[in-house]
Each structure stands twice: as structure tokens, then as C-alpha cells.
Amino acid sequence: MMELLADRASLFALTGAALVALGFYGFIIQRAPIRRLIAFNVIGSGIFLLFGGASYVGGGVDPVPQALIITGIVVALALTAFAATLAVRLAESGGDDADDDGDDDEDRESDR
Amino acid sequence: MSHAFDLALCALILGAAVLAVTGRNVFGAIVFYVVYGVLLALAWLILGAVDVALAEAAIGAGVTGVLLIGAWQGLADAGGLEDEAPRPVFLRLAAVAGAGALGGLIALAVISLPGGDGLTLAVVDNQDRLELGNPVNAVLLGFRAYDTLLETLVLTAALAAVWSLTRTRVWGGVPGPGHVTRPDGVMASFGRLLPPAGLLVAVYLVWVGADAPGGAFQAGTVLAAVWILIVLSGLQDEPRLNSLPLRLMIIAGPAVFLGAGLAGAAAGAVMGYPDGHAKSVILVIEYALTLSIAATLALLIAGPARRAP
């Protein structure tokens, strides 16, 4: 165990594994949408760190995983942005997706 | 020395992550999430992945943090931030056991990974054909350019999804509240002083990205920050979302990217670069992408329209 922690690559990869576990715990236990989004992002960045640590050899990280991680960071942001807007919109409609306030009934009228 | 620093950094990352996931107060959790993102960027720097460090600091910590704070404000205004009752103890224990098992299994998989040379040599051997000195950008815009094209389309799709949550009455209108600041105040001064510097940094980041860490996504984030600063300082309101120039700006990057790929058919390879002109085509794509990424990120943060056009 100690020699694993002494090696930079496996130290960061194992930290990534711990982050995935932590995010997974948060995702199960938390109810508030923002907390779940944070947990989701912790899982994601944990996977990135695991990926980067596992592909670390000597002087640096393999460029192919680096490019994939940058792509992953942007995709995670896209999902976070949509989920955050969705959570706010849901709260504005009273947390009830079946019916909406009067404001939105007008919307439906004008849709026709 | 450096080993002690590695251990301390990993401990700090885990500590910040624990507080971000389990902190009592939602706003505090967001703040610790941003701290966690910055620490992660430091970890990437230590691993020698400067491109990832820039992306993590700018997008992972910065833009995500701003988005979460915006959502927190939106939820607070809508009354959606009530204190949640804590989960029963047995559920917590079960979650701890499940997460522990998951983490243990992943750690086992990490330990038993066979060592390999990876693809570093393959990239370094071939990147000269793209005339790019930065291997990461050679992968992003050369060898795996298809991924990057689809990634920019994911961003555009996310913006369309966010806009689809607009109330019909204000469709095509202006997002966010209007910001009014004192004309001689700190915010207005920053709004005048920082944008030129930000613009210069963004242009530099794209240009230097060919041979050194940097590139379209990092530069696009800097430009998006400039955009947000100008809006917050009250110098210029957000644009109407149904404006044609704005929409052209959003799709310019993916369109130029796709166009360059299809134009490759004339040079003999669909989704390929013409021999000898790879770098110039890549730079054109990168500048177009930077503009589109900046607009898309800024509008993702602004959210759906709130005021009628």
C-alpha cells in the first residue's frame, strides 16, 4: 500500500477512485438538486483524475487522455447548465410537474 | 519534498470534496466545490497536463461555479431551497457501504492495470504532419477532431435545451435581470478596464495553443468571462435571444469546423486536412470555435429569456 502511495501516478489515480466513491455517496444521500449536481461533478472529475493518473508516465500525461478529459470537462458543463436551468424552472412551477401556475396557463393559450 | 506535497494536495482535494458533497449549507457546498476545482487544477499542473489544468480551472471550477451560484439564487427566489430532512441512519450506512465497495473495486482495477507506453509516441511521431507543437491540440483538432466537433455540437444542443425552458410569453427575449450600477463605481470601472485585457489574453491563448498549452476552449471561457463582466457592470445588457447575428455567432464555430471537414473531400479526404495547409485551417477553425464557445458559455450562464423582447 505504501509503495502505491509513493508512486505519483497511482496516488492520483487512487485519489480519483476515492472521489468517485464520495460523489456516488453524495448522489444517493442528497435530495437537493444543486447538491446532486455537485455530486455528479465530483464523480466526473474523479473519473478524469483516475484517467489522468493511470496514463501518467514519467514526465507527463499521455496527450490522448488529456484531450478526452478536456472534452469530458466541457460535456459535463453542458449537462450541468441544462440540469441547473431545469431545477430552477421546476422550482418556479411549484415543484409540481403535473400542473403549473396561472402564468403558464396563459402560455398554453398562446401556444395554440 | 515533492512527494509530501503530492500527499498533502491529494488530502486537500479529498477534504474539499467531502465538504462540497456533505456541507450543511448549500451555498457553502458550492464554494467548497469551486475550491475543490482549483485544487484539482493544481493537481493537473503537477501531473504536467497544463491544458487540462487550464480547462479545469476555467470551466470545471469557474463556469460551473458561476452556474451553480446562479441556480442557487434562482432556487432561493422560487422558494425551492427548503431544508431537507436528513436521511435515516440505515440508508446512510447503506450508501457508505455501497460507495466504499464501488471505490474499493475501482481502486483494485487501478492497481491491477498493466503498465503500457500509451499513445504518447504515436502522437509525437505524427504531430509534425499537422505542424502543431502542442500534442494535446494535435489530438483535439487533428487525430480526434471528430470528438471535438461533436463536443461543440453538445454545447450548442445544451443551449437549445436551456432555451426550450423559456416561458412562451418571453420567447426570444432578454435573459437575466437588467443590471444597473453607479457609473463611477468599482464595477463599472472594472467593466471598462478588464475587457480589453481579457480580449488580448483570449486571442493570445488561441494563437499560442498551436505550440504551447492553450486553445479554443480556454480562450472561449476567458471571452465568456469578459461578456459576463460587461453585463454585470451594466455597460451593456444581454442581447435578445432571437437576434440573427447572435444565433449566427453561436453556430459559426461548429459550421466552420464541419465545413472544413467536408471541404476536405475536395482535397481527397473527407474530415481530413489538406497536406501542407493543416495549421492554417486549424487556426481558422479555432478562432471561429472560440467565438462560438464564448457566446454559448455566456448564454448558458445567462439562462433562458426572462424579459419580453
Side-chain angles (χ1 to χ4, degrees), chain A residues 4 6 8 10-15 17-26 28-29 31-32 34-35 37-39 41-42 45 49-50 52 54-57 59-64 66-67 69-71 73-75 77-78 80-82 84-89 91-92 95 106-107 110-111, chain B residues 3 6 10 13-14 17-18 20-21 26 29 33 40 43 47-49 51-52 55-56 59-60 63-64 67-68 71-72 74-75 78 80 84 87 92 95-96 99-100 102-103 106-107 110 113 118-120 123 135-136 139-140 144 147 151 154-155 158 161-162 165 167-169 217 300 303-304:
Chain A
L4 274 171
R8 180 173 273 174
S10 36
L11 173 65
F12 281 101
L14 290 176
T15 306
L19 289 174
V20 174
L22 190 62
F24 181 72
Y25 169 79
I28 295 179
I29 220 73
R31 260 185 269 235
I34 291 190
R35 290 176 177 278
L37 268 181
I38 292 178
N41 275 293
V42 169
S45 46
L49 196 60
L50 174 78
S55 59
Y56 178 84
V57 267
V61 180
D62 195 329
V64 177
Q66 280 197 53
I69 290 166
I70 293 177
T71 307
I73 289 175
V74 176
V75 171
L77 170 81
T80 306
F82 178 53
T85 315
L86 203 55
V88 173
R89 192 72 175 80
E92 280 172 357
E106 282 170 35
D107 286 358
S110 53
D111 276 346
Chain B
H3 178 229
D6 284 3
C10 285
I13 288 174
L14 286 173
V18 167
V21 168
V26 175
Y33 177 74
L40 264 187
L47 288 171
D51 291 274
V52 183
E56 176 62 43
I59 301 175
V63 180
T64 308
L67 262 172
L68 289 175
W72 174 80
L75 285 174
E84 62 256 55
R87 300 276 198 180
R92 285 167 170 273
V96 167
L102 179 70
I106 298 175
V110 169
L113 271 181
L119 294 165
T120 310
V123 172
V136 178
V139 176
L140 270 177
R144 299 294 310 172
D147 292 349
E151 167 193 11
V154 166
L155 264 188
V162 165
L165 297 170
R167 289 168 193 267
T168 316
R169 252 179 324 108
F217 285 97
L300 278 177

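Convention: sequence-line order gives letters A, B, ...; per-chain numbering from 1.
- If you tally non-hydrogen atom pairs under 4.5 Å between each of A/Ala39, A/Ala81, A/Ala54 and chain B, the highest count goes to A/Ala81.
- Heavy-atom distances place both the backbone and the side chain of A/Phe82 under 4.5 Å from chain B.
- Summarising the geometry, atom CZ belonging to A/Phe12 is positioned 9.5 Å from atom CG belonging to B/Leu40; distances are rounded to the nearest 0.5 Å.
- B/Arg92 approaches B/Arg87 most closely through the heavy-atom pair NE-O, 3.3 Å.
- A/Arg8 CZ to A/Leu11 CG: the interatomic distance, rounded to the nearest 0.5 Å, is 9.0 Å.
- Nearest approach of A/Ala17 to B/Ala107, heavy atoms of both residues: CB-N, 4.1 Å.
- Chain A forms more heavy-atom pairs under 4.5 Å with one residue of B/Val123, B/Val63, B/Val26, B/Ile13 than with any other, namely B/Val26.
- With a threshold of 4.5 angstrom between heavy atoms, B/Val52 approaches chain A through its backbone and through its side chain.
- Rounded to the nearest 0.5 angstrom, B/Leu119 CG and B/Arg144 CZ are separated by 10.0 Å.
- Contact count versus chain A (heavy atoms, under 4.5 Å) is highest, among B/Ala95, B/Ala20, B/Ala55, for B/Ala95.
- B/Phe217 CZ to A/Leu77 CG: the interatomic distance, rounded to the nearest 0.5 Å, is 10.5 Å.
- Interface summary for chain A: among B/Asp147, B/Val154, B/Leu75, the most heavy-atom pairs under 4.5 angstrom belong to B/Leu75.
- Top candidate by heavy-atom pairs under 4.5 Å with chain A, chosen from B/Leu67, B/Leu165, B/Val21, is B/Leu165.
- Chain A forms the most heavy-atom pairs under 4.5 Å with one residue out of B/Ala43, B/Pro304, B/Gly60, B/Cys10, and that residue is B/Cys10.
- Considering OG1 of A/Thr15 and CG of A/Leu50, their distance stands at 10.0 Å, rounded to 0.5 Å.
- For a residue to count as touching a neighbouring chain, one of its non-hydrogen atoms must lie under 4.5 Å from one of that chain's; by this rule B/Leu47 touches chain A with backbone and side chain alike.
- Heavy atoms closer than 4.5 Å to chain B are found in both the backbone and the side chain of A/Leu22.
- Between B/Leu140 atom CG and A/Thr71 atom OG1 the span is 5.0 Å, to the nearest 0.5 Å.
- Side-chain contact check for B/Thr64 and A/Asn41: no donor-acceptor pair (N or O, by modelled atom type) lies under 3.5 Å.
- A/Val42 and A/Leu19 get closest at one heavy-atom pair: CG1-O, 3.5 Å.
- Counting heavy-atom pairs under 4.5 Å between each of B/Ala17, B/Gly303, B/Gly100, B/Gly48 and chain A puts B/Ala17 at the top.
- Proximity to chain A (any heavy atom under 4.5 Å) is restricted, for B/Val110, to the side chain, taken from C-beta onward.
- Between chain B and the options A/Ala84, A/Gly26, A/Ala13, A/Ala67, heavy-atom pairs under 4.5 Å are most frequent for A/Ala67.
- Most heavy-atom pairs under 4.5 Å with chain B: of the set A/Ile69, A/Ile38, A/Val61, this distinction falls to A/Ile38.
- Only the side chain of B/Leu113 comes within contact range of chain A, with at least one heavy atom under 4.5 Å from a heavy atom of that chain.
- Most heavy-atom pairs under 4.5 Å with chain B: of the set A/Ile28, A/Val64, A/Ile29, this distinction falls to A/Ile29.
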